[in-house]
Amino acid sequence: MVLLEARHIAKSFGHVAALRDVSLEVAAGEIVGLLGENGAGKSTLIKILTGLERHDAGDILLDGRSVAFSSPRQAQDAGIAAVYQEINLIPERSVADNLFINRAPRVAGLFINRRQMISDARALLSRYGLDVDPARTLRTLGLGTQQLVSIIRTVSLGARVVILDEPTSALSAHEVELLFGIVRTLREERVGVIYVSHRLSECYALCDRMTVLRDGVVALTEATARLPRARLIAAMLGRELVERSRSAQVVANDGAAAGSSDNVLHVEHLNWRRQVVDVGLDVRKGEVVGLAGLLGSGRTETMKAIYGAVTPDSGTVTIMQHRRHRATPARSLQDGLAFLSEDRRSEGIFSHLTVAENLSASMLRRIARWGIISRQRRDALVSEYVSRLGVKTGGSDAPISSLSGGNQQKVLIGRALSTDPSVVMLDDPTRGIDVGAKAEIHRTIADLASHGMGVLVTSSELEELVDTTDRLVVLDEGRVVDTLATAGHHADDVLAVIAGMQTAPSSAPAAEAGAP
Amino acid sequence: QSSSAGVGVSSGATCVNPRPGHENLSGMVIGFSQSENEQNPFRAAETESVRSTAKSVGVRRLLYTNANSNQAKQVADIENMISQGAKAIIVAPLNATGLQPALEQAAQAHVPVVTIDRATAGTPCRDFITFMGSDFRKQGERAAQAMVDATNGTANIVEIQGAYGNVVEAQRSEGFAAGLKGHPGLKLLASQSGNWSATDAQHVMEQLLLAHPDINALYTHADVMTLGAIRAITQSGRRPGHDIRIVSIDGTRAIVQMIASDQVQAAIETNPRLGPAAFDALKSWFNGTPVPQTIITNDALYTRANAATSIASGAAY
Amino acid sequence: MKSFSSTLFAWPGGRQMRRISIGTTPPGGKPSRVPNLRDLSVYLALVLLIIFDLVLTPGFRNPFVVRSLLFEAAPVVLIALGQSLAIGTRGIDLSVGSIMALSSAIIGISLGFGQNVGIAGAIFGGLACGLLNGIFIAIFRIAPLISSLALLVAARGLAQALLSGARVDLPMDGPLSALGQITIMGVPVVAIVALAVAAAFAFLVRRTLPGQYAIFVGASREASVLAGHPVRATLIFVYGLSGLLAGIAGVFASARLGAADANYIGVQFELDAVAAAVIGGTPLSGGRIAVAGTVAGVLLLTILDATFIMNNVNANFAQILKAAFIVGALYMQRGRA
Amino acid sequence: MSATLPASPRMPRPPPAAHRGAERRQRLFAVIQARGATVVLIVAALVAGLIFPAFLKPENIEDLTTAASFLGLVTLGQTFVIIMGGFDLSVGSMIGLGTVLAAYAAPYGVLAAFGAPLAAGALVGLVNGLLIVKARMAPFIVTLAALLALKGLAIVLAGESLIIADPGLFGRSANGALFGVGNLTIILLAAYAVAALVLNRTAYGSAVFATGGNEDAARMLGVAVDRTKLLTYMLSGTMAGLSGALLAAHLSSGISSAGNGYELQSIAAAVIGGVLLTGGVGTLLGALSGVLLLGMIENIINQIGSLSAAFQGLASGVFLLVAVLVQSGLTRQRSS
Ligand SMILES: Nc1ncnc2c1ncn2[C@@H]1O[C@H](COP(=O)(O)OP(=O)(O)OP(=O)(O)O)[C@@H](O)[C@H]1O
Ligand SMILES: Nc1ncnc2c1ncn2[C@@H]1O[C@H](COP(=O)(O)OP(=O)(O)OP(=O)(O)O)[C@@H](O)[C@H]1O
Ligand SMILES: [Mg+2]
Ligand SMILES: [Mg+2]
């Protein structure tokens, strides 16, 4: 029985046609995967289905009847609930408040019963296996936990159709398992699910059927069982994926590293609050070093402390033999250290400004003389980066907010590289990015290294990290616990190493990773 | 110091303290509630008059508050002074009404209140023992007469008024309009508010001179505004006092000097030196002597004829 | 080490990838940045108002009107420019009117040392207040609205205290009097200065580091820090500049008035300045500064005030009409945040 | 293909080996941080009490709360608006207009005297809200325009002031007392108590926090953002109307200039009370403390009793700055 159906949806933002002709249906008890490159139009479709955006053409049918929602609230009332791509909760409120916004238990029909609400929240969270104090302010939780709270809230609304837009981009493997359990329960309860993800393995593990969008049209719809991986990727990219050989990369980089053993980045005894503890690490010229660790192990904080975005309590950072005192981001950039934040929305982009302004934000000093910025130099550099990084944009004067997430990320990488650094730190540069763009970013990293730059990188996907780095520095609770060479290793080996270090009994099932 | 300078007409009705204590003002705590800040020389002279009289009378402490143009604050100020032990209070009310709760509290505490310069609503003898100040309507009428004298009965006049709706403004406007009746040669081209401010008056006058190039007479409700307007007149290339005849109200030293030098034709005095009379009234009250309910000050008219001597004698403030 | 930009793009396959990416760029290229009605509304309103006045307002055709209005507008242009910069950083500067008064008071008390000393002192006083404001905002992280509000109260109080509430007449000769009167071909010198400052501002905002930093800070303070911008220095610079301009505006206003006046100079000018900046197209949400629009906004409000006076409209009705006008002008550009 | 890292089985970190006293001190400090304004208020009151013996007398405290009640009531509405992520600059003028309307309506009975300003306040709030919500105009400008228009309107209607000849019951509503406590004080405290209940314990209150905390998210969560905004601006207008009505009753007059400047003072009071101008965070207890702190400034200046008007402005500005500095210094760690 088809529950929700979209027919021939079209939507343009100014000159950009986000959706040209998209049809999609989901039946009760079915999980439909929605895939596509960055900017293919997935999020836009979801916003249209839930009344957050208006479509220009086409129909939406619920139970065969045409519907038009003008707000998510109306969609919710009709039984369609969504978790949007960016976490959308109220950070300054408690977990329980966020879970029960709009539907808190009342006393006398008017006053919220806080005690009841907290205990309801606790019950709800534990039913889905999430162990957090419902009275805690949401802001104080990790991104993954926040995302799970958002998901739990949505599925507990009792909707008949649940849409998840990249729900796993901030989740750890354990949390992904929690999520999978939740989604499978939904299927058993005959709820229709639309599942958006860039992680193909997840889609294969979960979905009954997959729909691939490319440039605003449906490129493919097929039952999962009949869909080989290669065909799926080809449909997403419009061509075959050229997989780079990992060994070749490692050899190339080893060569570069061997040629010069000098450290471009040297960190000693770095401490920040209790989240970075006595961290020491080295990045050599031409080397790609991965910062591995479990979620919340302090990777982000380590990078920020090195960069000076937070002021370390103690420790030394040496860049290109130049020892620094009192780091600030500005000084780091001057000394040749660039950083890409994992939190694109609030720490990365300037959302009202143009692509050009965003890209050139860190090189202003370089293109200025006596404080006056040279337009020509800026435009030349910007258009060079835009075209070389393959940023899909309506022009460098377009506002960055009109770009899809992946393309925004490319602009930010361009910004980091534009300072001509000798070391770059990329915090999860491939988060929320499609396979094609991911490969491009990997290529960029390798290329940077082969030209003598030092790279420190994290990723939420261990295999990716193993594949793209020369060495891994493993963090646990803010401490460096091991350093491994990645050459010849497989992700599973590294996982075993990390898992072996875990003294806690319940290390996540490594077997799940890497499937299918 | 000439005690009770300028105080003249007083009405017949009087108030008498039913329980005269024959107390001495010296050694007493007395409160003075001023209404607005003292940029206006009138306010400054008034405060100074109260302060210096207090000193010469020898009061133990003069509590001074300023409501800064906030009515609720003036009420709170007065109540505050009562709870700080003021035995008598002098008030320059901000508005024609709105002091009731404070006056009531004073009455309950048997604290006599003298209102100065602006009358405020209340029952004489209960809420306050006397009001002393100018008759603003009459000032307007006298200004009209002075204008007739200065222009020989034909002129295109603009009026720069005080803050709109203010009692003083209303009465000076009314009085002036009434005074113009019967003088068809005097035409009032425009009336705009100068907000009791030289800055605003200059701004307004400048625009009025552009809109009405045929202006040849100016009436303003206060000397401060006259000063601003004169600046505008000069900047427009006209000569104040000649191309444009000017009548003002207040009689401050600066304007009286201009009268002497023929830049301004006339000014109706508003006497701010109310301190001595106010303390006299309190003295009478505590002694059980009758106090007139209304004391209208004798306001001078400054013209070319008496301007120089008034400055020499210090009459102009 | 070779420059990154020259080597990065040698990567294999880059060309192929690029072609695929570019294939999706919509034909027609750039989304238009052609100014639309929304962006032009302030100029449109200004032109309509001037036409109305030329036809209906008595005396408006008098050539001296331009001179008078420009004298009036010059100080407001200065503070509105400073304001637009502060708003561009997602802040606000409510202290400008009071700083004008303080500047005026400083002139008043320093007359004994010569007018030039007074002028320098006044401008310096404005700068000092602005820097103080900037330090509170940048270092102590006090909300700009509150910090500048406290300064609004304190600076006015200090000005009144300096002059003990009195008004001091300025000498009728010397530089102050000249500033208040001299025109070049009918255009007041102060207006020429204000226009020059506006031109410099346009350049500052578009082409210089501090101006660009201000816009970035307004667009996102967090991202700005990570992008290596000197955020605190930028904020201190912005509010310092705003204070400096308010100091100059105070000199201009005193010169025009011929008096130092702590009570009435600059009263509520901060609100006019905000309104002018916003009507001119500087959104309160930061990240954008419309210099020409701000100047037009000031002219609009100045002419509007003059229109009411010249038509002898009661000041209170005038205030109601002005409010309606501001709402109308903003309605035309609604949705721009 | 992609291996995701397993989650950290977060072990509770061993508690620091600190003894009880240190822990208690820490908790006390946390409370002080959370209640910065209230703590500053209490400390300042004690200090003032030491310097001016009359300050802590019950009559003086009552004077203070009575005088602060008008600002207090508008600050209540303003606090809702700021938490909701907006501003309301129109409240000051609305008070003045409210007193005038109350004065006109007073002869028709107490109900009319309260009804007229309250209804007008709600209407003004509705218009503000519609312009902000429907026409998507900036709250600062919309309410600034309302500030100008309402002030003009009040003077057009009443001139400077208007007397209420026989205030009777209407007058007693503000000036009477219950069990020795002034009505205004009671009304102020009751209003804050009810408002705290509404803000923290109703769906509307949650919607206010959600809208101010993250408007887009609130919309996506299904919060009726537009309705919440409208209601909140209406609440603010109504509270200003109420403040105006009570002020008219208190003064037996309509005063068109009443409430001048309260728009900024109410924002200042809320911010001193720890309400974040960015929205989504704040408490009513904090806002009330902010109001009383501002009231204290005037009261203390009167206690000094000889400060010239010129120095009063300077003193209040400096006090305001110090209060904000101390308060935000106390709360800094919490928000970073
Ligand atoms: N508000 C907007 N204004 C202009 N263009 C937009 C807007 N929202 C989306 N677009 C454009 O529409 C296209 C589709 O974007 P959408 O966010 O739906 O992609 P997506 O498939 O979700 O990508 P990603 O995987 O990166 O999240 C992109 O080209 C994007 O630039
Ligand atoms: N499950 C969790 N529960 C509570 N706090 C968490 C949790 N996960 C992370 N945190 C907190 O949030 C912050 C996240 O840490 P950090 O960002 O350094 O981790 P990370 O290793 O960079 O992980 P990732 O970037 O993948 O989120 C830390 O301050 C940590 O204390
Ligand atoms: Mg998306
Ligand atoms: Mg991280």
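Chain letters run A, B, ... following the sequence lines, proteins first and then strands; every chain starts at 1.
- Between D:Leu277 and D:Ile82, the shortest heavy-atom contact is CA-CG2, 3.9 Å.
- Here the side chains of D:Ile83 and D:Phe209 are in contact, with some heavy-atom distance below 4.5 Å.
- Side chain of C:Ser242 to main chain of C:Val238: no donor-acceptor pair is present (N/O by atom type, distance under 3.5 Å, no hydrogens or angles).
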Item checked: CA sep, side-chain torsions, deciding dist, call: D:Lys151, D:Glu263, salt bridge (Lys or Arg N to Asp or Glu O under 4.0 Å) -> CA-CA 12 Å; D:Lys151 194 178 285 182; D:Glu263 56 281 345; 5.5 Å; no

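- Counting only distance, with no hydrogens or angles, the side chain of C:Arg288 and the backbone of C:Pro283 share no donor-acceptor pair below 3.5 Å.
- Formation of a donor-acceptor pair under 3.5 Å by the D:Gln78 side chain with backbone atoms of D:Asp88 is found in this model.
- Of all residues in residues 293-301 of chain C, none places a non-hydrogen atom less than 4.5 angstrom from a non-hydrogen atom of chain D.
- For C:Leu321, no part sits under 4.5 Å from any heavy atom of chain D, backbone or side chain.
- Per-residue counts of heavy-atom pairs under 4.5 Å with chain C were compared for D:Leu144, D:Val318, D:Leu147; the largest is that of D:Leu144.
- By the salt bridge (Lys or Arg N to Asp or Glu O under 4.0 Å) test, D:Asp226 pairs with D:Arg219, sequence neighbours left out.
- The candidate from C:Leu145, C:Ile92, C:Ile326, C:Leu151 with the greatest count of non-hydrogen atom pairs under 4.5 Å with chain D is C:Leu145.
- For D:Val127, the side-chain contact (heavy atoms from CB on, under 4.5 Å) test picks out D:Leu131, with sequence neighbours left out.
- Taking 4.5 Å as the heavy-atom cut-off, the residues of residues 307-319 of chain C that approach chain D are C:Asn316, C:Phe317, C:Gln319, ordered by number.
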Margin query: Using the rule given for side-chain hydrogen bond (donor to acceptor under 3.5 Å, both in side chains), can you reason through C:Ser104 versus C:Asp261, listing the C-alpha separation, both sets of side-chain angles and the distance that settles it, and then say yes or no?
Written below: CA-CA 6 Å; C:Ser104 184; C:Asp261 180 346; over 6 Å; no

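- Counting only distance, with no hydrogens or angles, the side chain of D:Thr143 and the backbone of D:Pro139 share a donor-acceptor pair below 3.5 Å.
- Under the 3.5 Å distance criterion, the side-chain polar atoms of C:Ser148 are matched with a main-chain donor or acceptor of C:Leu94.
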